[in-house]
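Just below is one structure, and these are the notes that go with it.
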Amino acid sequence: MINITLPDGSRKKIENGSTPMDIAKSISEGLARNVLCASVNGEIWDSNRPINFDAKIILHTWKDKEGKMVFWHSTSHIMAEALEELYPGIKFGIGPAIENGFYYDIDFGKYTISTEDLTEIEKKMKEIASKKVTFERINITKKDAISFFKRKKDEYKLELIEELEDGEITFYRQNKFTDLCKGPHITSTGKIKAIKLLNIAGAYWRGDENRKQLTRIYGISFQKQKDLTEHLEMLEEAKKRDHRKIGKEMELFTFSKKVGQGLPLWLPKGTLLREKLENFLKKAQTKAGYLPVVTPHIGNKDLYICSGHYEKYGVDSFQPIKTPNDDEEFFLKPMNCPHHCEIYKSKQYSYRDLPVRFAEFGTVYRYEQSGELHGLTRVRGFTQDDAHIFVRPDQLKEEFISVINLVLYVFNSLEFKDFKAQISLRDPNEKNKYIGSDENWDKAENAIIEAAEEIGLEFIKEYGEAAFYGPKLDFMVRDAIGREWQLGTIQVDYNLPERFELEYTGSDNQKHRPIMIHRAPFGSMERFVAVLIEHCGGKFPLWLTPDQIIILPISEKYHDYAKKVSKYLKNYDICGPIDTRAETTNRKIRDAEVSKIPYIIIVGEREEKEKTISVREHGGNELGIMSIKNLKDIITEEINKIIT
RNA sequence: GCCGAUGUAGCUCAGAGGUAGAGCACUUCCUUGGUAAGGAAGAGGUCACGGGUUCAAUUCCCGUCAUCGGCUCCA
């Protein structure tokens, strides 16, 4: 007999060699039906694999990430089997589960494959799944494993095996398909009831661009058809909310081949939206003691040699702009911090002056690889809502806390309710990758962690994700349809103050070095607007939307009255067009609804006579006849609720 | 940058070796309307760009550029 402990702390004695499935059955039939895999002393485990030692057991179902991952991983094996049947002789790379589904990297050799083929592969997969066979775990010696894949002439698997220790190698087999795999897998292929292959892409073998590019097929699977339908609907919804599509429809921004790839052009409506965001943050920053600064778009080469960026990013990233006569070299600025350091240096500071906070909506330019550009989320010229804060070491934690609070204020105001924080720390094994002393790194990392803990911010730690000059705290927000985006960032930097020899005079009358905090709550205006568009599907909150109202005169006779209404509202910064087309009212209403304007104002004979307006909210809710002042009050009150 | 796909009117897209079509939008006219598409007419395209094959290329081939899906990268 062995002892097992369940997550609720309860203990059970079971027969040596029992499986997680046996344990599930002893709890309930329902659980046994749903269990997909288990954690055994923290190791992920097949539900039909015997346990012969005392262990802590967690049973995983579809509800757990582990359950889904195993389910999807098993589906990728089924895809591989289907592919091998359809395209004999192909070779396999790796086929893991990912956040939403699975993929397999395949060397198709002589075959070419396109999206049209996916339907047939799916069909084959369903056929295989419906056979309800088990995934069989096979322990195999390294020698036998090698000879197996030598027979298959699969150099990719052979390469993987080479790196494994003899004795720890396992194969998994379902039907005729056998794969190198450490598992675990679900018990029966029959659990996979709904499969969808999503797309095909190229992927380098082992992520190395110097090695062969394999064909990657992405897919997802579910236990119920209904779940697949829902997932596909979510993808549809994401497509509808795509900021590139909405940006075009709502005339927010555009791109031009002539201007250049990755260089967004903000249209009037987009600019209005962006300026509202900027003003909102400026106001909050003023309250928090930030000082506005403005710096030019280029900087002398010496500036970047001093900052160390030139050395780090080198001639590849920095193409010089040369002055005609005296041979000076300038660079488009890829970040604002060196400029801000020089602003700091322009005067002397006492310890009483700190923290000093310089804020600038600074536009920067970075050469992103052409294949990486994507709408507004990845561009070559963008504006950071940047600020650099210079603090004394004893102020670091406190200032970090107030920056976190500012970021949280921004997210709350913009209805991003669901977010998490990631603290990026050094890779403890590769400390030489970073600049700055060990001691400073420790201090900075601890300050961030303590600050986050102090205000009760939930966070995860990621080792090896820090910038080369310091640790950071990034915010990931979850949007309305569940996707995660990285937005705001706060970074501690001991490096630049050192390189720029920044100083303040302490109470001891000695020179001391400040610490610098880089921070950007939005990250970049471009990226943030993109995420905001997708979060709200183009239906912006009232205080941000470029047009809050649209006025629809019933006929031409009421155009003058419409203009009066518009003028009145404009006095209170309530803006929007008048639809003067010779169209029916129904038509104008429809178009106004499609354009997502929050308030539709209809004026005709009655309204003109009574000096009123008829108001309808976006979505169809009629507010009825009211005075113009009444609507003004409704709108200003709603806006004031957010912007306090 | 790499692999693959795509590029036709302002937008969404159809089409074919013999120099182009729809819907929406736009303009004009008729209609003067009451809470999600009134009617008619018109205008609008070197078919991304540059080569090649051909009697003939927007269509086939090659290259370039851009976009999309990934990979790699990201101060």
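Note that these values count all heavy atoms, side chains included, but never hydrogens, waters or copies made by symmetry. In what follows, chains carry the letters A, B, and so on, assigned in the order in which the sequence lines appear, proteins first and then strands, with residues in each chain numbered from 1.
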Would you say a side-chain N or O of [X] is under 4.0 Å from OP1 or OP2 of [N]?
| X | N | value |
| --- | --- | --- |
| A:Thr584 | B:G38 | yes |
| A:Arg590 | B:G34 | no |
| A:His374 | B:U67 | no |
| A:Tyr367 | B:G1 | yes |
| A:Lys248 | B:U12 | yes |
| A:Gln261 | B:U67 | yes |
| A:Ser370 | B:G1 | yes |

Exercise for the section: Apply the ring-ring contact (aromatic ring centres under 6.0 Å, His included) test between A:Tyr156 and each candidate in A:Tyr204, A:Tyr104, A:Phe92, A:Trp205; give the one that qualifies. Expected result: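 Of the listed options, the one satisfying the test is A:Trp205.
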In whole angstroms, how far is the [atom2] atom of [N] from the [atom1] atom of [X]?
| X | N | atom1 | atom2 | value |
| --- | --- | --- | --- | --- |
| A:Lys588 | B:G34 | NZ | C1' | 11 Å |
| A:Tyr103 | B:C71 | OH | P | 8 Å |
| A:Arg581 | B:G38 | CZ | P | 9 Å |
| A:Gln486 | B:A75 | CD | C1' | 13 Å |
| A:Lys557 | B:G34 | NZ | C1' | 13 Å |
| A:Leu197 | B:G69 | CG | C1' | 15 Å |
| A:Leu214 | B:G4 | CG | P | 13 Å |
| A:His618 | B:U35 | NE2 | P | 19 Å |

Whole-angstrom distance between [N] and [M], as gauged at atom [atom1]:
| N | M | atom1 | answer |
| --- | --- | --- | --- |
| B:G23 | B:A66 | P | 34 Å |
| B:C11 | B:U46 | P | 13 Å |
| B:U58 | B:A20 | C1' | 9 Å |
| B:A75 | B:G69 | C1' | 27 Å |
| B:A43 | B:C60 | C1' | 34 Å |
| B:G52 | B:G17 | C1' | 15 Å |
| B:G51 | B:A14 | P | 28 Å |
| B:G21 | B:G44 | C1' | 13 Å |

Which nucleotide in the list [options] gets nearest to the side chain of [X]?
| X | options | value |
| --- | --- | --- |
| A:Glu556 | B:U32, B:A36, B:G34 | B:U32 |
| A:Glu622 | B:U35, B:C26, B:A75 | B:U35 |
| A:Tyr313 | B:C74, B:U32, B:U35 | B:C74 |
| A:Glu605 | B:G34, B:G7, B:A36 | B:G34 |
| A:Gln213 | B:C73, B:U35, B:G70 | B:G70 |

Problem - Pair of N/O donor and acceptor under 3.5 Å linking B:C68 base with A:Arg244 side chain - result: no
Handout entry: Polar pair under 3.5 Å, donor/acceptor by atom type, side chain A:Tyr204, base B:C2
Key =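 Flag set: donor-acceptor pair detected.
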Within the structure shown, what part of the strands sits under 4.0 Å from [X] by heavy-atom distance: base, sugar-phosphate, or nothing?
| X | value |
| --- | --- |
| A:Arg366 | sugar-phosphate |
| A:Ala592 | nothing |
| A:Tyr218 | sugar-phosphate |
| A:Arg216 | sugar-phosphate |
| A:Arg606 | base |
| A:Glu607 | base |
| A:Glu583 | base |

Between [Y] and [X], is there a side-chain donor-acceptor contact under 3.5 Å, judged purely by atom types and distance?
| X | Y | answer |
| --- | --- | --- |
| A:Tyr365 | A:His297 | yes |
| A:Ser370 | A:Gln261 | no |
| A:Gln491 | A:Thr489 | yes |

Problem - 5' precedence on RNA chain B between A:Gly604 and A:Ala467 (nearest-nucleotide basis) - result: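 Its nearest nucleotide lies further toward 5', so the answer is A:Gly604.
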Handout entry: Contact nearer the 5' end of RNA chain B, comparing A:Ala203 with A:Ser555
Key =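 With A:Ala203 and A:Ser555 compared, the 5'-side residue is A:Ser555.
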Exercise for the section: Take atom CD of A:Glu311 as the centre, draw a 6.0 Å sphere, and report whether it contains more than 12 heavy atoms from other residues, nucleotides or ligands. Expected result: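 No, because the 6.0 Å sphere around CD of A:Glu311 holds 12 heavy atoms or fewer from other groups.
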Problem - More than 12 heavy atoms of other groups within 6.0 Å of A:Glu237 CD - result: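 Above 12, so yes.
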With a 3.5 angstrom cut-off on both distances, give the Watson-Crick or G-U wobble partner of [N], or none if there isn't one.
| N | result |
| --- | --- |
| B:A37 | none |
| B:C60 | B:G52 |
| B:A66 | B:U6 |
| B:U12 | B:A22 |

Practice task
Please state whether the rings of A:His340 and A:Phe358 are parallel, tilted or perpendicular, taking 30° and 60° as the class boundaries.
Solution key: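 Ring orientation of A:His340 relative to A:Phe358: perpendicular.
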Practice task
Establish, yes or no, whether the cationic atom of A:Arg216 lies under 6.0 Å from the six-membered ring centre of A:Tyr103 and within 45° of the ring axis.
Solution key: yes
Exercise for the section: Return the minimal non-hydrogen interatomic distance between A:Ile217 and A:Met79, and the atom names on each side. Expected result: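 Minimum heavy-atom contact is O-CE, 3.5 Å.
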